[in-house]
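Sequence lines set the chain letters: A, B, ... in the order given, protein chains first and strands last, and positions in each chain run from 1.
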Protein chains: 2
Amino acid sequence: MDTMTLSALAEPNRMRIVELLRDRPHNVSEIANQLWLRQPQVSKHLRVLHEAGLVDVHPAAQQRIYQLQAKPFEELDCWLETFKRVRETRIDSLDNYLRELKN
Amino acid sequence: MDTMTLSALAEPNRMRIVELLRDRPHNVSEIANQLWLRQPQVSKHLRVLHEAGLVDVHPAAQQRIYQLQAKPFEELDCWLETFKRVRETRIDSLDNYLRELKN
DNA sequence: AGTGAATATACCTGTCAAGGCATATAACAA
DNA sequence: TTGTTATATGCCTTGACAGGTATATTCACT
């Protein structure tokens with residue numbers, strides 16, 4: 001799994017931005033107003049999100065419309081699937097491990 | 001979504017530890033050897049993972065067996081589901097947004 | 001051309017987190 | 001007890017990163 005995606009999402013304000021964009025696309029100042037952030041910080045966060053491939057941009061006049069990109073979420077979903085086995089075999093795994101220790 | 005989970009996973013070495021624990025539980029020195037990390041750093045990373053609820057510990061003699069915990073992965077899964085709508089309505093959302101801009 | 005709005009960037013500063021290393025703690029063994 | 005193994009913690013240094021503020025850039029409009 002690409003840790004760049006996760007570190008981009010791990011910052012609280014970026015998380016808020018992503019959850020805002022989940023509903024619909026937004027331009028920069030809309031995000032700044034909605035989330036009570038200053039415009040430069042929003043631009044910087046969007047830059048990080050863009051470099052992580054989490055959003056893409058559509059220029060419209062002086063404005064820039066930011067929108068979520070599906071790919072990283074799908075990749076995260078795939079990665080998470082590899083943990084589904086863990087959810088059932090936890091106790092068995094530990095038992096087996098402890099049993100091996102005794103040998 | 002809890003950003004603590006994400007920031008714990010966002011650190012590359014912790015990600016490697018988690019992916020190692022996905023297969024089966026491990027004790028500290030096993031992790032250190034497998035991943036070519038020094039023991040103190042492994043302990044520190046495990047501490048972070050533990051505080052984030054991603055792992056739990058089972059003492060066995062002097063050793064401590066670390067194992068993945070299912071809950072945070074399930075929560076991440078739930079959160080990801082809220083983005084499934086995005087994957088289909090991307091183009092429509094943008095069109096609608098641009099249409100509103102013209103008014 | 002000149003003005004204003006929307007956005008990006010540069011620079012500074014403070015904070016936090018990761019690695020390295022030494023050392024403390026705890027449990028077992030002889 | 002003493003030594004040995006497994007693990008945790010403390011301290012230090014360094015690098016990354018987020019916020020604040022000022023400024024640059026880009027486009028539209030008159």
Side-chain angles (χ1 to χ4, degrees), chain A residues 2-21 24-52 54-67 94 97-98 100-103, chain B residues 2-21 24-52 54-67 94 97-98 100-103:
Chain A
D2 182 24
T3 59
M4 201 168 172
T5 308
L6 293 175
S7 58
L9 292 171
E11 207 285 327
N13 282 326
R14 280 197 293 268
M15 170 65 76
R16 296 171 67 208
I17 292 177
V18 166
E19 291 184 333
L20 186 61
L21 293 180
R24 59 170 180 82
H26 287 260
N27 66 42
V28 179
S29 40
E30 278 176 341
I31 298 174
N33 291 332
Q34 286 270 333
L35 305 184
W36 288 83
L37 300 172
R38 310 187 188 260
Q39 175 267 317
Q41 339 299 339
V42 174
S43 284
K44 288 181 206 169
H45 283 312
L46 288 169
R47 187 168 143 84
V48 175
L49 291 172
H50 182 74
E51 285 171 354
L54 281 159
V55 300
D56 57 354
V57 204
H58 297 270
Q62 326 95 311
Q63 306 185 10
R64 301 215 169 184
I65 321 295
Y66 283 87
Q67 185 180 218
L94 185 60
Y97 186 86
L98 292 175
E100 284 177 20
L101 274 188
K102 289 180 187 164
N103 306 343
Chain B
D2 181 23
T3 58
M4 200 167 171
T5 309
L6 292 175
S7 58
L9 291 171
E11 207 285 326
N13 283 326
R14 280 196 293 268
M15 169 65 75
R16 295 170 67 207
I17 292 177
V18 166
E19 292 185 333
L20 186 61
L21 292 180
R24 60 169 180 83
H26 288 260
N27 66 42
V28 180
S29 39
E30 279 176 341
I31 299 174
N33 290 331
Q34 285 270 334
L35 304 183
W36 288 84
L37 299 173
R38 309 186 188 261
Q39 176 268 316
Q41 340 299 337
V42 172
S43 284
K44 289 179 201 171
H45 283 312
L46 287 169
R47 188 168 143 84
V48 175
L49 292 171
H50 182 73
E51 285 171 354
L54 281 158
V55 301
D56 57 355
V57 203
H58 298 270
Q62 327 94 310
Q63 306 185 10
R64 303 217 166 182
I65 321 295
Y66 283 88
Q67 185 181 227
L94 186 60
Y97 186 87
L98 293 175
E100 283 176 21
L101 274 188
K102 290 182 184 162
N103 305 342

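Side-chain N/O atoms of A:Tyr66 and A:Asp56 include no donor and acceptor closer than 3.5 Å.
Taking CD of A:Gln67 as the start and CG of A:Asn27 as the end, the distance is 13.0 Å to the nearest 0.5 Å. Between A:Gln63 atom CD and B:Leu98 atom CG the span is 10.0 Å, to the nearest 0.5 Å. Atoms CZ and OG, on A:Arg14 and A:Ser7 in that order, are 7.0 Å from each other to the nearest 0.5 Å.
The side chain of B:Lys44 approaches D:dC11 more closely than any other nucleotide in the set D:dT7, C:dA27, D:dC11. Residue B:Pro40 has its side chain nearest to D:dA8 when only C:dG20, D:dT21, D:dA8 are considered. Of the listed nucleotides (C:dT7, D:dG19, D:dA6), D:dG19 has the atom at the smallest distance from the side chain of A:Gln41. Closest contact between the side chain of B:His45 and the listed nucleotides C:dA27, C:dG19, D:dT9 involves C:dG19. Side chain of B:Arg38, nearest nucleotide from D:dG20, C:dT7, C:dG20: C:dG20.
Residue A:Arg16 contributes atom CZ, which lies 14 Å from atom C1' of D:dA18 at whole-angstrom precision. The nearest whole Å value for the distance from the CG atom in B:Asn33 to the P atom in D:dT5 is 14 Å. Remark: P of C:dG20 and CH2 of B:Trp36 are 14 Å apart, rounded to the nearest angstrom. Rounded to whole angstrom, the span from the CG atom of B:Leu46 across to the C1' atom of D:dT9 amounts to 14 Å. A straight line from CZ of B:Arg47 to P of D:dA6 spans 22 Å, rounded to a whole angstrom. Between B:Gln62 atom CD and D:dA8 atom P the separation is 12 Å, expressed in whole Å. Rounded to whole Å, the distance from CD on A:Gln63 to P on C:dG4 is 19 Å. Rounded to whole Å, atom C1' of C:dA8 lies 14 Å from atom CD1 of A:Ile31.
If you check distances only, the side chain of B:Glu11 never reaches the base of C:dA17 with a donor-acceptor pair under 3.5 Å. For D:dA6, its base never sits under 3.5 Å from the side chain of B:Gln39 at any donor and acceptor pair.
Taking only side-chain nitrogens and oxygens, B:Arg64 never comes nearer than 4.0 Å to OP1 or OP2 of D:dT7. Distances shown here put a side-chain N or O of B:Tyr66 below 4.0 Å from the OP1 or OP2 atom of D:dA8.
The residue from B:Leu6, B:Thr3, B:Leu9 that alone fulfils the side chain to side chain contact (heavy atoms under 4.5 Å, CB included) condition with A:Leu9 is B:Leu6.
With DNA chain C read from its 5' end, the first of the two nearest nucleotides for B:Leu37 and A:Val28 is the one closest to A:Val28. Where A:Asn13 and A:Ala61 meet DNA chain D, the nucleotide closest to each residue was compared, and A:Asn13 sits on the side nearer the 5' end.
Using a 4.0 Å heavy-atom criterion, one finds that B:Ser29 contacts the sugar-phosphate atoms exclusively.
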